[in-house]
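Below, all heavy atoms of this structure are taken into account, side chains as well, without hydrogens, waters or symmetry copies.
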Amino acid sequence: MAPKLSIVIPAYNEAARLSRTIHTVLEYLNEHLPDAELIIVDDGSNDDTAFVARRSLANPGSITASVIRTDPNRGKGHAVRSGLLAARADIALFSDADLSTPITEAPKLVGPIERGECDLAFGSRALDRSLIGVHQPWHREQGGRVFNLIVRFATGLPFWDTQCGFKAFRMEVCRPIIEAATVDRFAFDVELLYVARLAGLRLQEIPVRWDHDAGSKVELVNDSFRMVSQLLNIRKGVRSGQYDAAIRAISSLAVNDSVTRDRYVTEEN
């Protein structure tokens, strides 16, 4: 029997804290979603991440658990896609390994998909900042806001936080987009959301609890430049037809889809 929910956690050099994360997630799932699946994706770590993951999953209770290792390191986007494409549930959610958004927030994203209200739900720190417990340093928070403004200008996406590492997908319709995506590093979220919107899928931005973790691997200056470069590549990919096959596949799925999806007409300059 397929699990009802797949949780994907990408991990790169997370040996120090991964055991605690897995324990927290397994405890929650065994209590609330005993027929769920947990997938840890080791993104070519050069520490003991894979060993810690397997050891921590040795007794998962009723949860189906697995570890995927990709080598060499390809980036968080590649790790997330690998986990999502391996997921067996109809709904898959990925969460950052630091659990900056607590796993207890999962129903906020999973519920709207289960109720047929959206196809892709994603956590947001920007919609209700009172839910932020520990804020990022001021310069990082402002840098994130600037990047989001660039995203809105470059893509037309109407959302206020595309980068929160907490997103859930209705896999039946999102799978073609995940398969077509190519951005391996930090702008992968934008690619998934942008192409999903072009395909007419229903996206919902949902406020979630969030706490900054001092172990974040994002380097503000260098990664900001890389993200902008990746945004330009995403727009180039849209213009060149890179995602057209995925969008057509979703359109064909919609013919027999009982859930009415919003349609958007997007004109690329």
I would like to know whether D189 and F94 meet side chain to side chain contact (heavy atoms under 4.5 Å, CB included); could you show each step before the answer?
-> CA-CA 11 Å; D189 306 75; F94 82 79; 3.8 Å; yes
Heavy-atom closest pair (S124 atom, L127 atom, distance to 0.1 Å) is OG-N, 3.4 Å
Do L57 and I39 sit in the same hydrophobic cluster, where Ile, Leu, Val, Met, Phe, Trp and Tyr count as joined when their side-chain heavy atoms come under 4.5 Å apart?
-> no
I206 and F166, any side-chain heavy atoms less than 4.5 Å apart = no
Within a strict 4.5 Å, meaning less than it, do heavy atoms of the R226 and R185 side chains meet?
-> no
In Å and rounded to the nearest 0.5 Å, what is the CG to CG distance from L203 to L120?
-> 5.0 Å
Which atom names give the shortest non-hydrogen contact between M227 and A187, and what distance separates them?
-> O-CB, 4.1 Å
Verdict with reasoning, E37 to S6, per side-chain hydrogen bond (donor to acceptor under 3.5 Å, both in side chains) = CA-CA 5 Å; E37 172 182 49; S6 295; 2.4 Å; yes
Heavy atoms, side chains only, cut-off 4.5 Å: are L192 and K167 in contact?
-> no
Could you go through the side chain to side chain contact (heavy atoms under 4.5 Å, CB included) check for N233 and E191 one step at a time?
-> CA-CA 10 Å; N233 287 336; E191 181 184 34; over 6 Å; no
Considering only heavy atoms from C-beta outward, does the side chain of V52 approach that of I22 to under 4.5 Å?
-> no
Check: R20 and L18 side chains under 4.5 Å, non-hydrogen atoms = no
Would the number of heavy atoms belonging to other residues, nucleotides or ligands and lying under 6.0 Å from NZ of K4 be above 12?
-> no
Measure the CZ-CD1 distance between R209 and I132 for me, rounded to the nearest 0.5 Å.
-> 12.5 Å
Donor-acceptor contact present, side-chain D119 to main-chain C174, <3.5 Å | no
Would you give the length of the straight line joining atom OG1 of T49 to atom CD1 of I40, rounded to the nearest 0.5 angstrom?
-> 10.0 Å
In terms of heavy-atom contacts, I234 and Y194 come closest through CG2-CD2, 3.5 Å
Please say whether more than 12 non-hydrogen atoms of neighbouring residues, nucleotides or ligands are located less than 6.0 Å from CG in N148.
-> yes
Does the side chain of S95 come within less than 4.5 Å of V8's, by heavy atoms?
-> no
Verify the ring-centre separation between F159 and F122: is it less than 6.0 angstrom?
-> yes
Determine yes or no for a side-chain-to-main-chain donor-acceptor pair under 3.5 angstrom, with D48 supplying the side chain and F51 the backbone.
-> no
Please say which of Q136, R129, H135, H212 ends up in a side-chain hydrogen bond (donor to acceptor under 3.5 Å, both in side chains) with E141.
-> H135
Co-membership, hydrophobic cluster, residues L93 and L193, 4.5 Å side-chain = no
Criterion ring-ring contact (aromatic ring centres under 6.0 Å, His included) on F186 and F147, from CA distance to verdict = CA-CA 12 Å; F186 291 109; F147 177 72; over 10 Å; no
Indicate yes or no: at least one non-hydrogen side-chain atom of P176 is less than 4.5 angstrom from one of I250.
-> yes
According to a 4.5 Å side-chain heavy-atom criterion applied to Ile, Leu, Val, Met, Phe, Trp and Tyr, with indirect links allowed, do V195 and I178 form part of one hydrophobic cluster?
-> yes
When every non-hydrogen atom of E14 is compared with those of D47, the smallest separation belongs to N-OD2, 3.5 Å
Trace of the side chain to side chain contact (heavy atoms under 4.5 Å, CB included) decision for N46 with N73 | CA-CA 9 Å; N46 50 37; N73 169 259; over 6 Å; no
To the nearest 0.5 angstrom, please state how far the CH2 atom of W160 sits from the CZ atom of R125.
-> 14.5 Å
Mind checking whether L157 and V228 sit in one hydrophobic cluster, side chains of I, L, V, M, F, W, Y counted as touching below 4.5 Å?
-> yes
Please examine the side chains of Q242 and K236, heavy atoms only from C-beta on, and report whether any two atoms are closer than 4.5 Å.
-> no
Nearest heavy-atom pair of D43 and P72: which atoms, and what distance?
-> OD1-O, 4.5 Å
Check whether L38 and V41 end up in the same hydrophobic cluster, where Ile, Leu, Val, Met, Phe, Trp and Tyr are linked by side-chain heavy atoms less than 4.5 Å apart.
-> no
Roughly how far, to the nearest 0.5 Å, is OG1 of T21 from CG of D98?
-> 7.0 Å
Separation between CD1 of I177 and CE of M171, rounded to the nearest 0.5 Å | 10.5 Å
What's the verdict on side chain to side chain contact (heavy atoms under 4.5 Å, CB included) for L85 and R175, showing C-alpha distance, side-chain angles and the deciding distance?
-> CA-CA 7 Å; L85 293 176; R175 186 174 293 274; 3.8 Å; yes
Of all heavy-atom pairs between A87 and A92, which one has the smallest distance, and what is that distance?
-> CB-CB, 4.0 Å
S56 side chain vs A53 backbone, donor-acceptor pair below 3.5 Å = no
